[in-house]
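In what follows, chains carry the letters A, B, and so on, assigned in the order in which the sequence lines appear, proteins first and then strands, with residues in each chain numbered from 1.
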Amino acid sequence: MGYIIKEVKDNFKRYKFSNQVCIWSITMTMLIIGMFLLFAINLQMVINDLKGSVEIVAFLKGGVNSRRVSQLKAKIKKIKNVKSVYYSSPEDALIEFTRDSDLKKQIEFIGENPLPASFGIHLNIESAELMAQAAREIGKFDSIDEVRYGREEVNSIIKFVNTVKFGGLVLVVILGVMTMTIIGYTIHLAVHLRGQEIRVMKLVGATSWFIRMPFLVEGIMQGCAGGVLSAGLLYVVYRIVLTKIEGIEFLPVLYIAVIVAAGVILGLAGNLLGIENHLKERGAL
Amino acid sequence: MIIIENVFVRYSNDIEALIDINLKVEKGEFVYLYGPGGSGKSSLLKLINREILPESGKVFVDQQETMKMKSSDIARLRKKTGFIYQDFRMLWKRSVYENMEFVLNAVRMKEDKIFDRICDVLKIVNLLDKKDYLPPQLSYGEQRGLCIARSLVNSPEIILADEPTVDLDSHMRNEIMRVLNNIVHQENTTVILTTKKKDIMKDYSHRVVEMKEGRIVSDSKIKK
């Protein structure tokens with residue numbers, strides 16, 4: 001163990017430049033992925049808000065007493081995919097309606113409150129079809145006069161959400177493959193520069209594990225340094241640039257841990273593949 | 001003991017490097033492989049160190065057939081073999097001391113013994129005062145000295161020396177030959193040394209295996 005620690009420490013000095021290149025490659029890779037994650041979680045919040053804004057409005061027939069209102073509310077809550085239900089009395093509707101001065105004038109012209117009581121219902125929508133199904137069930141209750149919801153609006157929101165999710169997935173795959181390839185080649189090249197040294201090590205009787213271990217520890221340390229640096233840089237970018245955009249939130253701690261762990265895996269895998277190529281080359285050696 | 005039976009080696013460029021080689025080297029023997037350049041001397045050393053494999057025939061080192069060795073066996077073979085390469089094969093980014101320390105770490109010598117052992121061997125090749133130098137900072141002769149020191153540092157059972165005295169002045173050449181002969185007598189180490197020149201063979205008792213165009217053409221013992 002003492003040998004490995006000394007080797008790793010000395011190799012960081014001996015191969016300062018190639019180690020720095022590896023660390024910065026991992027940093028940049030993880031920074032790009034971190035930015036994407038930051039974008040993705042904030043987009044998810046926007047999507048959740050959008051989904052939350054979609055609601056079914058069920059208008060009640062006239063003369064429904066408060067006991068019946070409570071019964072209906074409880075029944076609606078039990079319907080599949082219903083997230084929340086709120087009751088709006090004719091008086092509540094009037095207050096809401098008369099916030100607009102033109103509409104207020106029209107109500108004043110009529111001289112009485114023509115607005116019915118209603119339920120506002122929020123659902124966990126995954127498709128417009130599920131929403132229509134919930135609306136049909138609500139419409140079957142005898143005290144419900146009419147059920148309205150924006151079918152077109154729901155369809156476009158769902159289409160938008162699915163497009164963003166699919167686009168994001170495609171982007172993640174392309175970005176992932178691209179960055180992994182670049183980083184793989186960078187680390188591979190760094191190990192390749194030490195190919196002669198690896199061959200000499202084998203010729204003086206070092207076992208494969210004896211040669212491999214310091215490289216693997218170096219990979220872990222490069223990855224760890226790259227991961228931490230990228231998280232730091234991401235925070236700097238967030239503080240300087242992104243805080244100026246309202247509502248943008250930084251990544252949760254778990255995501256930061258994932259970025260550092262991914263950096264470690266990248267460093268380890270890159271070094272492992274690089275060293276294995278050298279350990280296997282030339283059959284007799 | 002090293003036994004080579006009916007070995008034939010052909011390189012990938014179709015050159016026949018070793019043809020029908022049969023050789024037996026006892027433990028503690030000092031053998032000169034003598035012959036002109038391209039006669040197969042270096043190939044024979046590499047064959048023993050399992051750096052090249054025969055197309056046919058068998059090679060045994062201490063009763064173990066090298067063709068059948070696993071990677072851990074190959075490492076074990078090389079740990080007990082000190083190879084003095086013509087092209088040195090140094091770890092160029094490591095100091096003289098670190099080049100030797102690496103070998104001792106590989107054979108898992110105890111930390112507290114490493115320093116003394118390296119200093120002892122560096123004294124033999126007059127490099128103790130340059131132990132912190134990097135190989136490129138050494139002269140050609142000193143680089144060769146380091147290569148020899150590295151091959152001796154783990155007290156190997158076999159030394160394979162590929163023209164270790166070439167391009168060295170007579171003093172250095174005599175010193176190296178004295179060191180190698182002492183090792184044979186004091187530690188019963190087997191030494192196989194290649195040379196193109198007869199003059200280095202004149203001072204000590206030895207066995208001379210002469211090679212020509214990939215074949216052994218004579219095998220004789222000379223007593224002093």
- [ ] Under 4.5 Å heavy-atom distance to chain B, tell me which part of Lys6(A) shows up: side chain, backbone, both or neither.
- [x] side chain
Task: Residues Lys80(B) and Asp62(B) bridged, charged N to O under 4.0 Å - done: yes
Open item on the list: Can you tell me which residue among Leu44(B), Leu193(B), Leu45(B) is in a side-chain contact (heavy atoms from CB on, under 4.5 Å) with Asp162(B)?
Closed with: Leu45(B)
TODO: Check whether any side-chain N or O of Arg78(B) sits under 3.5 Å from a backbone N or O of Thr207(A) as a donor-acceptor pair, and report yes or no.
DONE: no
Task: Residue among Val153(B), Asn154(B), Ile158(B) satisfying side-chain contact (heavy atoms from CB on, under 4.5 Å) with Pro156(B) - done: Asn154(B)
Open item on the list: Any salt bridge linking Glu5(B) with Lys58(B)? Criterion: basic side-chain nitrogen under 4.0 Å from a carboxylate oxygen.
Closed with: no
Task: Plane angle bin for Phe39(A) and Phe36(A) - parallel if under 30°, tilted between 30 and 60°, otherwise perpendicular - done: tilted
Open item on the list: Between Met69(B) and chain A, with a heavy-atom cut-off of 4.5 Å, which part of the residue counts as in contact: side chain, backbone, both or neither?
Closed with: neither
- [ ] Please work out whether the ring planes of His188(A) and His192(A) are parallel, tilted or perpendicular, with thresholds of 30° and 60°.
- [x] parallel
TODO: State whether Asp87(B) and Arg89(B) are salt-bridged, where the test is any N-O pair (Lys NZ or Arg NE/NH1/NH2 against Asp/Glu carboxylate O) under 4.0 Å.
DONE: yes
Task: chain A neighbours within residues 92-103 of chain B, where any heavy atom lies under 4.5 Å away - done: Lys93(B), Arg94(B), Glu98(B), Glu101(B), Phe102(B), Val103(B)
Open item on the list: Please rank Gln196(A), Arg194(A), Met201(A) by heavy-atom pairs under 4.5 Å with chain B and give me the top one.
Closed with: Met201(A)
- [ ] Using a cut-off of under 4.5 Å on heavy-atom pairs, state which of Arg76(B), Lys46(B), Arg150(B) scores highest against chain A.
- [x] Arg150(B)
